[in-house]
There are 4 protein chains.
Amino acid sequence: MEPSKQPPGRPRDSRVDDAIRDAVRELVRDVGYAALTVDAVAARARVGKAAIYRRHASRGELVFSALVHGLEPQPLPDTGSLSGDLAALVQLTLGVFSDPVVAAATPGLLADLKQQPDIAARFQETFIAGERVQVADLLERAFVRGELAARADPALVHAAVLGTAFAWVFLLAQPPTPALVPRIAALAVAAARGEGA
Amino acid sequence: MEPSKQPPGRPRDSRVDDAIRDAVRELVRDVGYAALTVDAVAARARVGKAAIYRRHASRGELVFSALVHGLEPQPLPDTGSLSGDLAALVQLTLGVFSDPVVAAATPGLLADLKQQPDIAARFQETFIAGERVQVADLLERAFVRGELAARADPALVHAAVLGTAFAWVFLLAQPPTPALVPRIAALAVAAARGEGA
Amino acid sequence: MEPSKQPPGRPRDSRVDDAIRDAVRELVRDVGYAALTVDAVAARARVGKAAIYRRHASRGELVFSALVHGLEPQPLPDTGSLSGDLAALVQLTLGVFSDPVVAAATPGLLADLKQQPDIAARFQETFIAGERVQVADLLERAFVRGELAARADPALVHAAVLGTAFAWVFLLAQPPTPALVPRIAALAVAAARGEGA
Amino acid sequence: MEPSKQPPGRPRDSRVDDAIRDAVRELVRDVGYAALTVDAVAARARVGKAAIYRRHASRGELVFSALVHGLEPQPLPDTGSLSGDLAALVQLTLGVFSDPVVAAATPGLLADLKQQPDIAARFQETFIAGERVQVADLLERAFVRGELAARADPALVHAAVLGTAFAWVFLLAQPPTPALVPRIAALAVAAARGEGA
DNA sequence: CGGTAATCGAGACGGTACGTCTAGTCTTAAA
DNA sequence: TTTAAGACTAGACGTACCGTCTCGATTACCG
């Protein structure tokens, strides 16, 4: 006997999932995170509120899920050099921050993390952990190549890349120009080498 | 005839300002930014809500004002070396982020900046601009001393220090150990030198 | 195809209507009209404020609706004589004014009528018009019986009964004794006959 | 040594009294009783709120005082007949109710009486008692003239006149035409005679 | 093919905070 | 001590939102 393939009752309509996600992204872009209401999502998605709460535990989780979808860690190219690899990572990070939806939602989402430990955990496991592995891999490759005298701390390099890009966009409120990429990459290389003392 | 020294009517009671500010800080520390309500502030400060809204346009502006107060840029010591100066700046930044009140309020406040351009402007003018001047001064001193071959971009160094510290605490959710200070300072030195290429 | 019998969505819970009405009546009796707050009604009825405002446009309309409910014109007996019929009407009127809920709410409600024309219109159509019909019927019966030489003006008789009872209770602040009934009835008979000149 | 004729300090400015009274009457006429605020009175009278509260205990007492002023019981003429005297009283009563200021304020004031016993007492002593004396005098004259077989109850006649006029204007919301005067007077005569049984 | 069970849109539910407004009191400087 | 001006505490107002619940109407599988 096989296990039943499907729970009883009417199955969920995947078009509803899509409509909710699209509505969230549009609303985040149009009115911002704070002004986004679940009723507005339901109205724009032409969906009942129950259909939303059947899928998401809270407003924060709703936005988080809609944002994370399609943000799966994109594979970094192996450029053959530490600075090239880091430049690619910086490029990627700034690209994410430049997405208008992400830019509008990130600070609000970050604030929610303080209140909702379960979302914070998912954020750490999904986004941060994934990136940390990429950074660790990239540093390991550089060490094997002999570009690094010693193994570097992935966390510091990660913080340098992610944080400097974040500060540039969200704290200093400056536009991320292409010229910024090699400059952040350079300081990340220094962080990897432990230089500057 | 002299100009009248005081507007007509009963002057504002500065003890009310203080009571409001203290109540906000206590509540931010105790219940967090999101759960802070204006009624709770009024109750704890033993103040009418009108007294709060006479001084502050909204809940966000209220918290921002209470938090920014006392956050005036603290003078950085001239340690005589670039790495020393930057270490002092990193130390200060991590210290601010370690303040439980600041730690609890920062993400929420950052989210508010996205929605309220006037607060965002005040944040830029008050906090960011003040720090940028400190960074610029510190870099100028290093250039004069001959530690830097060329004048460095204060914005990048600023973003490196502020952002890496921010990411460490708020994105990677790691505790700021004392050992972190020289490491961030070192990558900031590299950013100032434009090294790492 | 039949027309759908019910509007879409969750239907209103009639127990909520009842709970609101009961809470209003209890509070009017206990604390009076002026001190009645919508929050207190919500709390006592164990109901959200939204449920109240979904049904009633304002505090005034809320109390009016709660009070008018159950005040539908009670049928007057046909006693066979003009003075008997009028005595019954006076009895009824004084009875209504003696109800503690009505007594506590009437002046406040009357004041609201001045400000809110829609409530005033409902008051006229519901309460005044209903009573006026009763008075007109009663006078018509007396005319048919030959007790009246000419048809009397229902408005004057109505004003005489309602007004004298109102003035006794609310303006002169005297208790409505049983002995008052025939005396007011007598002057109403005179008003019907057009006597006294 | 004489007793000091005047309290120490600056004497009150009687123009302030007048300005307050005028402002109250204008506002009652313009916006009604419920929408009349003490701040609005102060602003229109170009007077500080303290000057108002130095003279009046509460908003209700303020309006009451402003309304009662100039409403001192006007002397009734001795027309030589009961029906003539009562017609004069009805005329006066309807005249008062026709004053737009009185018409706008009366129901609200009546509602306040329920809550503020001191104003209710003043209302009884000032207005009701004064009128009752007039009614009693008028009835006594009629008895002496032989128009009444027995002494009549002033309270019932008072209630009949005052209440019927009140009901006509405030409950039935009908305009007080001149033809109404003799009709109310007639039923008041019947009340005095105890007829109608 | 009829029954069971979970879905759907719609919208009412309890609860709670918002920002506004008012009443009545208090505090200035000036008269 | 009065004046005008206006800040003060306290608390109700009506609105908006969250997350839950309840309708009638689908929509799949299971027997």
Side-chain angles (χ1 to χ4, degrees), chain A residues 4-13 15-16 35-40 42-43 45-54 56-60 62, chain B residues 4-13 15-16 35-40 42-43 45-59, chain C residues 4-13 15-16 35-40 42-43 45-59, chain D residues 6-13 15-16 35-40 42-43 45-54 56-60 62:
Chain A
S4 60
K5 289 150 190 165
Q6 180 176 302
R10 176 176 173 177
R12 292 197 183 163
D13 187 341
R15 289 170 318 191
V16 171
L36 176 146
T37 70
V38 179
D39 288 84
R46 301 182 146 279
V47 143
K49 279 171 67 177
I52 296 177
Y53 280 104
R54 208 172 286 123
H56 305 284
S58 67
R59 192 186 79 124
L62 163 65
Chain B
S4 59
K5 290 149 191 165
Q6 182 178 300
R10 176 175 176 176
R12 294 205 181 158
D13 187 340
R15 288 170 320 195
V16 170
L36 177 147
T37 72
V38 179
D39 288 83
R46 300 184 141 279
V47 144
K49 280 172 69 176
I52 296 178
Y53 280 104
R54 203 175 289 123
R55 291 166 167 78
H56 306 284
S58 65
R59 194 187 78 122
Chain C
S4 61
K5 290 151 192 165
Q6 181 178 297
R10 176 175 175 175
R12 295 206 180 155
D13 187 341
R15 289 169 320 194
V16 170
L36 177 147
T37 70
V38 179
D39 287 85
R46 299 181 146 281
V47 143
K49 280 172 71 176
I52 296 178
Y53 281 105
R54 206 174 287 123
R55 292 165 167 76
H56 305 284
S58 65
R59 194 188 76 122
Chain D
Q6 181 179 304
R10 174 176 174 177
R12 290 196 184 166
D13 186 342
R15 289 171 318 193
V16 170
L36 177 146
T37 69
V38 179
D39 287 84
R46 300 182 147 282
V47 142
K49 278 172 67 177
I52 295 177
Y53 280 103
R54 208 173 288 121
H56 305 282
S58 66
R59 192 186 79 124
L62 163 64

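Note that the structure is a prediction, hence the values are computed from the model and not measured. Residue numbers begin at 1 in each chain, while the letters A, B, ... track the order of the sequences.
- With sequence neighbours left out, the side-chain contact (heavy atoms from CB on, under 4.5 Å) criterion links B/Ala42 to B/Lys49, B/Ile52.
- With rounding to whole Å, D/Ile52 atom CD1 is found 13 Å from F/dT3 atom C1'.
- For C/Ala40, the side-chain contact (heavy atoms from CB on, under 4.5 Å) partners at least two apart in sequence or on another chain are C/Leu27, C/Thr37.
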Check: Which parts of nucleotides 22-28 of chain E does protein reach within less than 4.0 Å, heavy atoms only, written one letter per nucleotide 5' to 3' as B for base, S for sugar-phosphate only and - for none?
Finding: SSBBBBB
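- If you check every strand for non-hydrogen atoms under 4.0 Å, C/Arg54 touches a base.
- Listed here is the closest heavy atom pair of C/Leu36 and C/Arg59: O-NH1, 2.8 Å.
- Where C/Ala45 and A/Val47 each meet DNA chain E at their nearest nucleotide, the meeting point lying more 5' is that of A/Val47.
- Rounded to whole angstrom, the span from the CZ atom of D/Arg12 across to the P atom of F/dT3 amounts to 7 Å.
- Atom C1' of nucleotide F/dG11 and atom CZ of B/Arg46 are separated by 15 Å, given to the nearest angstrom.
- Between A/Leu62 atom CG and F/dT20 atom P there is a gap of 13 Å when expressed in whole angstrom units.
- Among the atoms of the strands shown, only primed sugar atoms or phosphate atoms (P, OP1, OP2) are found under 4.0 Å from some heavy atom of C/Arg55.
- The shortest side-chain heavy-atom distance between B/Val16 and B/Arg55 falls under the 4.5 Å cut-off.
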